[in-house]
Amino acid sequence: MTDVTSDSAATRLRRSPLHERHTALGAKFAPFGGWEMPLEYAGGGVLKEHTAVRTGVGVFDVSHLGKARVVGVGAADFVNACLSNDLGRIGPGQAQYTLCCDDATGGVVDDIIVYLHAEDHVFLIPNAANTAEVVRRLRAAAPESLAVTDEHEAYAVLAVQGPRSAELLGALGLPTDHAYMSFRAATLAGAELTVCRTGYTGELGYELVVPAAHAVAVWDALVAAGAADELRACGLAARDTLRTEMGYPLHGQDLSLEITPVQARSGWAVGWDKPAFWGRDALRAEKASGPRRTLRGLEAVDRAIPRPGMQVYAGDTLVGTVTSGTFSPTRKQGIALALLDAAAGLSDGDTVEVDIRGRRAPMRLARPPFVTPSVR
């Protein structure tokens with residue numbers, strides 16, 4: 001779900017309340033959706049950070065993610081009539097992955113995690129670069145009785161991910177036994193926070209939504225408690241390799257205003273039988289007729305590493321483009337997501353070629369995830 005967006009030098013980059021902690025750890029920073037965020041840390045880099053999450057526990061600062069709130073009588077019904085998934089499938093205390101689609105085209109404005117607190121209280125976590133647009137669209141549609149607020153900088157978000165994440169949070173007295181895609185209130189280091197059983201890595205994990213003023217105290221408590229467990233601070237480069245191994249889409253690459261949920265194989269996040277949501281007519285029509293292209297997984301046959309934007313060929317025919325591509329530290333091979341023409345008639349197991357700087361590298365179609373998920 002997280003977005004990686006280039007910013008011009010003239011744009012003021014926001015900073016996480018944990019910026020000084022990252023600097024002290026030797027972080028290499030990069031612009032992400034209008035924020036200056038840690039890409040990787042000294043003393044390990046992407047491979048060690050990735051491995052820590054797959055085998056132990058890592059902590060990510062993802063405070064660049066957006067935060068917004070809809071409050072008032074009928075808030076949940078209003079959000080449900082706007083966003084794609086069906087909030088009626090969950091109850092208070094549960095979270096849901098959903099999409100904000102353009103009403104005319106069905107293209108994806110953003111993918112969002114929605115936290116249902118009550119029928120009159122919904123909290124949303126969009127991607128950094130898209131938060132203002134999501135809030136704008138909700139405000140434009142909301143009746144006067146509802147308050148839609150942008151709380152982007154009011155909270156920090158810390159993602160504790162990996163098979164030992166529950167052990168770490170349990171040692172701090174935080175709740176860990178709630179179900180996947182649910183959340184509970186808790187207190188740590190004097191801060192009232194929300195512990196969500198969510199994440200973007202495919203591993204057992206939690207995301208802590210913390211008031212920004214308490215972010216440093218909570219970070220320090222996590223680091224101190226995790227010292228014995230070799231907790232590793234992880235940057236957004238490792239987050240990207242982890243999510244690609246799972247086949248999780250990245251907005252701006254695998255989802256966008258030009259890429260619909262039908263094309264991205266994200267129809268599971270659409271409440272098709274709902275009477276209303278943005279993009280409903282366009283998406284139902286596309287689903288009925290069949291998309292002209294679909295998001296597929298690729299595995300390198302040799303040592304090649306596919307990257308976004310590279311062209312995909314079947315024989316001499318151009319059939320698509322890589323949307324996300326990287327080296328998989330777990331599989332020790334190149335992997336990718338690619339939008340491929342439906343008319344090409346390709347099936348999993350078929351071989352295509354990716355043009356890597358003028359050299360055609362063979363890739364095999366494979367359905368993600370590329371690594372078995374352990375989120376539950």
Side-chain angles (χ1 to χ4, degrees), residues 1-2 14-27 29 32 35-41 44 49 52-53 56-69 93 95 113 115 117 123-126 128 131 151-178 181-201 203-236 238-239 242:
M1 169 189 165
T2 247
R14 292 170 167 172
R15 285 182 170 179
S16 161
L18 295 165
H19 188 84
E20 291 185 2
R21 290 293 188 270
H22 302 318
T23 299
L25 290 171
F29 293 94
F32 279 73
W35 291 64
E36 185 180 18
M37 297 299 294
L39 189 65
E40 60 182 88
Y41 295 87
E49 293 168 19
V53 173
V57 60
V59 58
F60 301 80
D61 177 11
V62 288
S63 299
H64 65 298
L65 293 175
K67 304 94 187 170
R69 200 179 302 271
I113 300 292
Y115 298 96
H117 285 268
F123 187 72
L124 304 97
I125 298 189
T131 300
E151 302 182 6
H152 203 155
E153 295 188 79
Y155 294 90
V157 182
L158 305 180
V160 181
Q161 302 282 298
R164 299 175 70 177
S165 57
E167 179 181 337
L168 171 60
L169 295 191
L172 290 166
L174 294 176
T176 61
D177 59 353
H178 44 306
M181 296 300 286
S182 67
F183 59 92
R184 290 174 57 184
T187 302
L188 177 64
E192 295 183 1
L193 50 84
T194 303
V195 181
C196 311
R197 269 281 283 114
T198 50
Y200 199 53
T201 66
E203 295 294 335
L204 171 69
Y206 304 81
E207 292 179 308
L208 312 182
V209 181
V210 184
H214 296 276
V216 170
V218 171
W219 174 274
D220 289 348
L222 288 170
V223 170
D229 291 326
E230 298 182 350
L231 170 70
R232 185 174 288 275
C234 301
L236 299 187
R239 183 173 162 88
L242 289 158

May I ask you to test the K67-V157 pair for a side-chain heavy-atom distance under 4.5 Å? yes

Which pair of heavy atoms, one from I113 and one from A95, lies closest together, and at what distance? CG2-CB, 4.1 Å

Step-by-step side-chain contact (heavy atoms from CB on, under 4.5 Å) determination, V195 to T176: CA-CA 8 Å; V195 181; T176 61; over 6 Å; no

Separation between CZ (F60) and CG (L158), nearest 0.5 Å, reads 11.5 Å

Does any pair with a residue in residues 183-199 pass salt bridge (Lys or Arg N to Asp or Glu O under 4.0 Å), and if so which ones, sequence neighbours excluded? D177-R184

Parallel, tilted or perpendicular: which fits the ring planes of F183 and Y115, with parallel below 30° and perpendicular above 60°? perpendicular

Name all residues meeting the side chain to side chain contact (heavy atoms under 4.5 Å, CB included) criterion together with H214; count only those two or more places apart in sequence or in a different chain, and write none if there are none. A191, V210, P211

Which heavy-atom pair separates G66 from T131 by the least distance, and what is that distance? CA-OG1, 3.1 Å

I'd like to check the side chain to side chain contact (heavy atoms under 4.5 Å, CB included) partners of E49; sequence neighbours left out, ordered by chain and number. E40, Y41, R232, C234, A238

Walk me through whether T194 and L208 qualify under side-chain contact (heavy atoms from CB on, under 4.5 Å). CA-CA 6 Å; T194 303; L208 312 182; over 6 Å; no

Look at the side chain of H152 and the backbone N and O of H64, then say whether any donor-acceptor pair between them is shorter than 3.5 Å. yes

Looking at I125, L193, L65, which hits side chain to side chain contact (heavy atoms under 4.5 Å, CB included) with V209? I125

Please list every donor-acceptor pair under 3.5 Å in which a side-chain atom of residues 160-174 meets a protein atom from a residue at least two apart or in another chain.
from	atom 1	to	atom 2	distance (Å)
Q161	OE1	T201	OG1	2.8
Q161	NE2	T198	O	3.2
Q161	NE2	Y206	O	3.4
R164	NH2	D229	OD1	2.7
S165	OG	G162	O	2.8
S165	OG	L204	O	3.2

Can you name the nearest heavy-atom pair linking A212 to P17, along with the distance? O-CB, 3.8 Å

Output a table of donor-acceptor pairs, distance under 3.5 Å, between side-chain atoms of residues 215-227 and any protein atom two or more places apart or on a different chain; print 'none' if there are none.
from	atom 1	to	atom 2	distance (Å)
D220	OD1	R21	NE	2.8
D220	OD2	R21	NH2	2.7

Side chains of H19 and W35: does their closest heavy-atom pair fall under 4.5 Å? no

Set of salt bridge (charged side-chain N to carboxylate O under 4.0 Å, His left out) partners for E151, sequence neighbours left out: R69

Inter-residue atom distance F29.CZ - S16.OG, 0.5 Å rounding: 8.5 Å

